[in-house]
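Report on one structure; see the data block that follows.
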Number of protein chains: 2
Amino acid sequence: MKKANTIIDALSIDCLIFGFKNSELDILLVQHGEGISKGKWALPGGWIKYSEGMDEAASRILKALTGVSNIYLEQLRAFGRVDRYPTKRVITIAYYALVKPEDYTLQAGFTAADAKWFKVNDVPLLPYDHPSILKQALEYLKHKLRHEPIGFNLLPKKFTLLQLQELYEALLNKKLDKPNFRRKLMNMNLLVPCQEKQTDVSHRAASLYRFDKKIYDKLAERGFTFEL
Amino acid sequence: MKKANTIIDALSIDCLIFGFKNSELDILLVQHGEGISKGKWALPGGWIKYSEGMDEAASRILKALTGVSNIYLEQLRAFGRVDRYPTKRVITIAYYALVKPEDYTLQAGFTAADAKWFKVNDVPLLPYDHPSILKQALEYLKHKLRHEPIGFNLLPKKFTLLQLQELYEALLNKKLDKPNFRRKLMNMNLLVPCQEKQTDVSHRAASLYRFDKKIYDKLAERGFTFEL
DNA sequence: TATCTTATAGTAAATTTGACTACAAGGTAG
DNA sequence: CTACCTTGTAGTCAAATTTACTATAAGATA
């Protein structure tokens with residue numbers, strides 16, 4: 001058995017952290033502070049150790065490079081084109097998460113010189129096969145958003161129906177009808193009314209709602225499936 | 001750079017080949033002919049070489065162990081619990097495919113003593129984390145079958161609507177209404193009539209249809225999504 | 001107070017779904 | 001040859017859902 005703390009040199013992790021701000025989708029990138037691609041912006045990534053699980057490695061690496069911790073990372077898939085990495089054969093396992101950027105303070109560390117949010121439609125040229133990974137992750141994300149209630153991760157705890165609608169309009173890239181969107185959501189019995197209204201808006205205040213995973217799980221058990 | 005033909009010793013591939021026969025879902029397993037789990041039935045798997053892509057490795061391994069070749073394998077995801085493999089740390093990448101068993105002649109080879117189809121509901125106790133991989137693959141498969149037109153892989157080129165319906169009834173584990181099922185499929189404009197009828201049946205012969213991926217792709221471009 | 005913006009209710013046609021009925025087209029058994 | 005199986009295929013009808021709207025309410029601002 002190899003030493004526990006040694007890295008598995010053919011296996012890396014890359015993280016795709018998506019955020020939603022000002023009706024736009026962002027992705028978290030880090031600037032390499034050393035190594036062959038010094039100065040370049042890339043997906044936060046690193047090596048897996050013999051002694052740690054993959055999920056664990058993803059969390060550790062993300063935290064070390066960007067300061068972002070305590071988020072739920074999910075595996076996307078492995079990428080392993082023979083020539084994807086310049087100096088040796090490396091297969092990477094991509095993880096993704098959806099977060100609210102304002103919840104996190106970025107703090108570049110370890111081999112990262114800087115960490116920053118970029119609009120997904122306006123990222124610098126990424127190294128290796130990162131462009132392809134990003135593209136596939138976006139595809140997957142769009143699909144997943146329509147079939148699972150994960151979009152709520154991108155909104156504040158309490159949100160209005162219009163905020164939710166705008167999120168979906170931005171992600172699906174099309175306009176939706178307000179009354180119909182509202183009715184559809186309400187009929188799902190998924191949203192919990194907070195019995196509160198918006199404040200600080202210069203127009204009629206909208207009701208606030210929150211998403212409750214427990215309720216969703218209960219509905220899902222009975223065969224309900226979220227579709228938008 | 002390591003020698004091209006050397007294996008990456010922390011990385012393996014496992015294949016989940018599903019077949020459909022007699023209204024039941026089968027999975028292809030191999031019996032280990034050597035090594036620490038000699039005699040046991042397990043998912044066909046092996047090591048990735050430095051010089052080959054992952055998909056390529058999956059095809060090579062499947063062919064060597066079972067004789068099955070020329071099938072479209074798709075990656076499921078990577079599995080990497082620290083203790084999943086007894087003697088060293090191994091992360092495995094799971095691939096799956098859907099095929100018609102009658103199209104293939106099994107031919108055990110390489111480290112496999114035997115290769116055989118098992119009903120998914122009646123597999124022997126599998127080694128390592130293979131039970132967990134199989135479980136997740138089945139979940140994934142069921143979901144995918146309802147949202148993408150991959151079930152056609154399991155039928156002959158030309159099939160009747162009832163055959164298709166029975167496939168879905170078996171996979172989704174519920175009865176469907178014949179006229180309604182038929183109408184739904186026909187309204188998709190997805191199936192191409194072969195202008196032919198069944199032969200050798202002791203009752204009224206049904207029309208034969210075929211699935212055309214090109215038509216599906218065209219529909220998909222226009223925003224159509226397959227749902228069943 | 002008029003007017004602007006956004007919230008929310010409602011409505012009516014079109015489409016889709018679900019549960020059924022009816023009949024057609026062959027085969028098979030008597 | 002005929003009655004009667006079995007399966008294929010068409011059609012009906014009510015219920016539910018979706019889509020495209022209209023209308024009105026509630027505040028905020030000029």
Side-chain angles (χ1 to χ4, degrees), chain A residues 22-23 145-147 149 155-156 158-170 172-211 219-220 222-228, chain B residues 22-23 145-147 149 155-156 158-170 172-211 219-220 222-228:
Chain A
N22 310 327
S23 293
L145 272 163
R146 299 199 58 167
H147 301 278
L155 294 174
K158 300 172 180 183
F159 52 84
T160 70
L161 290 176
L162 188 58
Q163 283 177 292
L164 184 63
Q165 182 180 340
E166 282 171 345
L167 169 71
Y168 273 92
E169 286 179 343
L172 305 178
N173 206 28
K174 71 173 176 187
K175 289 293 270 178
L176 302 170
D177 179 88
K178 224 191 302 185
N180 292 342
F181 182 83
R182 145 185 238 86
R183 183 175 33 215
K184 181 147 189 180
L185 260 296
M186 296 320 269
N187 285 344
M188 287 185 190
N189 286 315
L190 183 61
L191 265 32
V192 186
C194 300
Q195 318 285 17
E196 265 180 81
K197 302 217 159 196
Q198 276 181 309
T199 52
D200 299 329
V201 283
S202 69
H203 57 264
R204 178 175 172 185
S207 298
L208 293 168
Y209 296 87
R210 64 186 175 80
F211 168 72
L219 289 172
R222 292 187 212 139
F224 162 83
T225 49
F226 182 87
E227 298 283 325
L228 249 174
Chain B
N22 309 329
S23 293
L145 272 163
R146 300 199 58 167
H147 301 278
L155 294 174
K158 301 172 179 182
F159 52 84
T160 70
L161 290 177
L162 187 58
Q163 282 178 292
L164 183 63
Q165 182 179 339
E166 282 171 345
L167 170 70
Y168 273 92
E169 286 181 343
L172 305 177
N173 206 29
K174 71 173 175 187
K175 288 294 269 176
L176 302 170
D177 179 88
K178 224 190 303 184
N180 292 341
F181 182 83
R182 146 184 236 87
R183 182 177 40 197
K184 182 146 189 183
L185 261 296
M186 296 320 271
N187 285 344
M188 287 183 188
N189 286 315
L190 183 60
L191 264 31
V192 186
C194 300
Q195 318 284 18
E196 264 179 82
K197 303 217 159 192
Q198 275 179 310
T199 51
D200 298 330
V201 282
S202 68
H203 58 264
R204 178 176 173 184
S207 298
L208 293 168
Y209 296 87
R210 64 188 174 80
F211 169 72
L219 289 171
R222 294 189 209 136
F224 163 81
T225 49
F226 181 86
E227 299 282 324
L228 249 177

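Just so we're on the same page: letters track the sequence lines, and every chain starts at 1. As the structure is a prediction and not an experimental result, all values here were calculated from the model. Side chains are part of it too, since the values below use all heavy atoms of this structure and drop only hydrogens, waters and symmetry mates.
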Apply the test side chain to side chain contact (heavy atoms under 4.5 Å, CB included) to residues A/His147 and A/Glu227: give CA-CA distance (whole Å), side-chain angles for both, the deciding distance (0.1 Å), then the verdict. CA-CA 5 Å; A/His147 301 278; A/Glu227 298 283 325; 2.9 Å; yes

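Look at CZ on B/Arg182: it is 15 Å from P on D/dT7, rounded to the nearest Å. The distance between atom CG of B/Asp177 and atom C1' of D/dT9, rounded to the nearest whole Å, is 12 Å. The distance between atom NZ of A/Lys197 and atom P of C/dA7, rounded to the nearest whole Å, is 10 Å. In this structure, B/Asn189 atom CG and C/dT16 atom C1' are separated by 15 Å, rounded to whole Å. The distance between atom CD of B/Gln198 and atom C1' of C/dA24, rounded to the nearest whole Å, is 16 Å. In this structure, the CG atom of A/Asn187 is 8 Å from the P atom of D/dT17, given to the nearest Å. What separates CD of A/Glu227 from C1' of D/dT17 is a distance of 14 Å, to the nearest Å. The interatomic distance linking A/Glu166 (CD) with C/dT6 (P) rounds to 9 Å, in whole Å.
Below the 3.5 angstrom threshold, one finds no donor paired with an acceptor across the side chain of B/Arg204 and the base of C/dA25. Looking at A/Arg183, its side chain has no donor and acceptor atom pair within 3.5 Å of the base of C/dG10.
Taking for each of B/Asn180 and B/Thr160 the nucleotide of DNA chain D with the nearest heavy atom, the 5'-most of the two is the partner of B/Thr160.
Between the side chain of B/Gln165 and the main chain of B/Arg182, no donor-acceptor pair closer than 3.5 Å is present. A side-chain donor-acceptor contact under 3.5 Å links B/Tyr168 to the backbone of B/Leu145.
Residue B/Leu162 is in sugar-phosphate contact alone, with no base atom involved, counting any heavy-atom pair closer than 4.0 Å across all strands shown.
Shown here for B/Leu161 and B/Met186, the closest heavy-atom pair between the two residues is CD1-SD, 4.2 Å. In this structure, A/Arg210 and A/Cys194 approach most closely via the heavy-atom pair N-SG, 3.9 Å.
The shortest distance between the side-chain N/O atoms of A/Lys178 and the OP1/OP2 oxygens of C/dA7 is below 4.0 Å. Between B/Ser207 and D/dT9 there is a side-chain polar atom (N or O) within less than 4.0 angstrom of OP1 or OP2.
Across C/dA19, D/dG11, D/dT29, the shortest atom-to-atom separation from the side chain of A/Ser202 is found for D/dT29.
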